[in-house]
2 protein chains.
Amino acid sequence: MRDHAAPQGAQAALRAIRLLKLFAAETSELQLAEISVSAGLNKTTTHRLLQALHSEEMLERNPATGAYRLGSAMMALGVQALSGNELRLRARPMLRRLADETGETATLEVPVDDTMLILDEVTTKHFVGASGNVGTRWPIHATSTGKALIAFEQCGVQRLNSDLTALTAHTITRLDTLENQLSDIRRRGFAETVDELEDGFSGVGVAVRGGMGEVLGALSICGPTQRLSEARRTQLGATLCTVASRLQPRY
Amino acid sequence: MRDHAAPQGAQAALRAIRLLKLFAAETSELQLAEISVSAGLNKTTTHRLLQALHSEEMLERNPATGAYRLGSAMMALGVQALSGNELRLRARPMLRRLADETGETATLEVPVDDTMLILDEVTTKHFVGASGNVGTRWPIHATSTGKALIAFEQCGVQRLNSDLTALTAHTITRLDTLENQLSDIRRRGFAETVDELEDGFSGVGVAVRGGMGEVLGALSICGPTQRLSEARRTQLGATLCTVASRLQPRY
DNA sequence: AACACAATTTCATTATATGGAACTCTAATG
DNA sequence: CATTAGAGTTCCATATAATGAAATTGTGTT
């Protein structure tokens, strides 16, 4: 993506993929006309690409309304992507321990465009399985994980547009303000979010690397701002850095 | 797909999608050369399409080997597809009841090309959550769910090639033999597999429909052949037909 | 019946996709 | 060290496939 630009000569393929991504939003069903507008593509072209996606079961259609939604092939590939994700498997026991030791919520997240996708989450309230936020996505600029990621990822900042959406009164909405934080994050090794994603919600995040040092995602510990004082956040940051470095494979 | 042919004028998009589908198999990482061969595409073309998929994070690369694997965007879309799937949500309580009442394993499955993807599964051994087979795919021709599906789905048989892979000595390997079963399945309302997928494993499956009668997937009850006598399978078939019809939304 | 808007189809033009060939990179071998 | 093999990447001319304007069909509402 940002460190690998889209190639010349694959416009149609890219357009199809970008159509698919429209369905990653909360709205599960979309009609041709709205898709065409959202994608900024001619209706005929959109129609043709949707038919291609439909013919391969990446999208299916609601027969009552004709609207498109993600299909069974998408499910199969998604499940395969998740179950093949080594990081997720390796991180689970560590997440659980983090949640135990801190009494807060621990998450593993990976970047998707300008968001962070929660891959796994362990809270102290339920130790059983994935909890409610797995699969949700949150803006990079408002999350500790997102900030940690772009601080360490090559060309990470390029994931963001110049206008950052305000989620609370505390959200950083200027790219240059955010960029000013990055060297500090790099120095300390962790990033923070304080009432930026949601009022009363704070978190600490660190980047997670693969065996060759490449940034794969991020870990976080998060909870009510009330409980996450600055001193505590610093402590949690140090804990997370230790865990992240243990999570990195050695070659 | 089979009832909707691939359009003219979307060759590149289709090729990209078909490359993605190569990663649905068990092998999680693939290199350019093998992908090119598997896809039957020129290496340059393959490379370009892979770059497109990579730039959108549908695929990511192992930096040590350069090999491609499914990426974070695939995970996000897959999770979205699963969580948006109404059938899965509606079927869960029924699956649990089925497993309780029968003492066997109950599954919900949807078709992906010539396979059935297990979307949900409840066994009597663990009532807690998804068990080990969710996300796995099995050949349509050897599963009760697959047979039930193609019996009722428009142009369902077109999902299959003329040569059906033998998994056991009992697997049906001729398309015409399988086609001969379909009218019987339609008459009875359910389909069976007996030692066809795996020796000692049998199942009963029924098609599941949406509100306009369109075939969405299938339900099954399965277990050791020893326990699933013909008489019992008939009984289970009737039970499944009742459940399937309760599962169908009414408009 | 008329109207509005959704979806689908047609077809001429040309932009984009294609693939052969060359090049670069990396690892293994003599 | 030089050579070889095979992986990945880049270049570029050509023609194929993609594009989109316009027309047609389908559906629901008044």
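Just so we're on the same page: letters track the sequence lines, and every chain starts at 1.
Salt-bridge annotation for A:E56 and B:R18: present, with a side-chain N of the basic residue lying under 4.0 Å from a carboxylate O of the acidic one. At a threshold of 4.0 Å, the pair B:R159-B:D113 does not count as salt-bridged, since none of the basic side-chain nitrogens sits closer than that to a carboxylate oxygen.
Of the residues in residues 37-45 of chain B, those placing a heavy atom less than 4.0 Å from an atom of DNA chain D are B:K43, B:T44, in numerical order. The stretch residues 29-36 of chain B touches DNA chain D through B:Q31, B:L32, B:A33, each having a heavy atom under 4.0 angstrom from the strand. Proximity of residues 9-20 of chain A to DNA chain C (heavy atom under 4.0 angstrom from any strand atom) is restricted to A:G9, A:A10, A:Q11, A:A12.
Rounded to 10°, the helix from C:dA1-D:dT30 to C:dG30-D:dC1 has 40° between the axis fitted to its first five pairs and the one fitted to its last five.
Sorted by first then second residue, the salt bridge (charged side-chain N to carboxylate O under 4.0 Å, His left out) pairs that include residues 31-52 of chain B, not counting sequence neighbours, number zero.
Within 6.0 Å of CD in A:E179 there are more than 12 heavy atoms belonging to other residues, nucleotides or ligands. No more than 12 heavy atoms of other residues, nucleotides or ligands lie within 6.0 Å of CZ in B:R174, so this atom counts as exposed by the packing criterion.
Partners of B:T171 according to the side-chain hydrogen bond (donor to acceptor under 3.5 Å, both in side chains) rule, which considers only residues two or more places apart in sequence or in another chain, are B:T168. Residues passing the salt bridge (Lys or Arg N to Asp or Glu O under 4.0 Å) test with B:R15: none are found, sequence neighbours excluded. For A:R61, the side chain to side chain contact (heavy atoms under 4.5 Å, CB included) test picks out A:H54, A:Y68, with sequence neighbours left out. For the side-chain hydrogen bond (donor to acceptor under 3.5 Å, both in side chains) test, no residue two or more places apart in sequence or in another chain qualifies with B:R246. Qualifying salt bridge (Lys or Arg N to Asp or Glu O under 4.0 Å) partners for A:R188, counting only residues two or more places apart in sequence or in other chains: A:D184, A:E192.
Running 5' to 3' along DNA chain D, contacts with non-hydrogen atoms of chain A at under 4.0 Å begin and end at D:dT19 to D:dA22. Protein chain A contacts DNA chain C over a range whose 5' and 3' limits, counting nucleotides with an atom under 4.0 angstrom from a non-hydrogen atom, are C:dA7 to C:dA17.
For the 3.5 Å distance criterion, the side chains of B:S220 and B:S144 fail to qualify, holding no donor opposite an acceptor.
The CG atom of B:L77 sits 5.5 Å away from atom CE of B:M58, with the distance rounded to the nearest 0.5 Å. Here the straight-line distance linking atom OG1 of A:T136 with atom CG of A:L117 works out to 7.5 Å at 0.5 Å rounding.
Side-chain contact between B:T115 and B:W138 is absent, with no heavy-atom pair separated by less than 4.5 Å.
Although no hydrogens or angles enter the test, the distance criterion places no donor-acceptor pair under 3.5 Å between the side chain of B:E57 and the main chain of B:A73.
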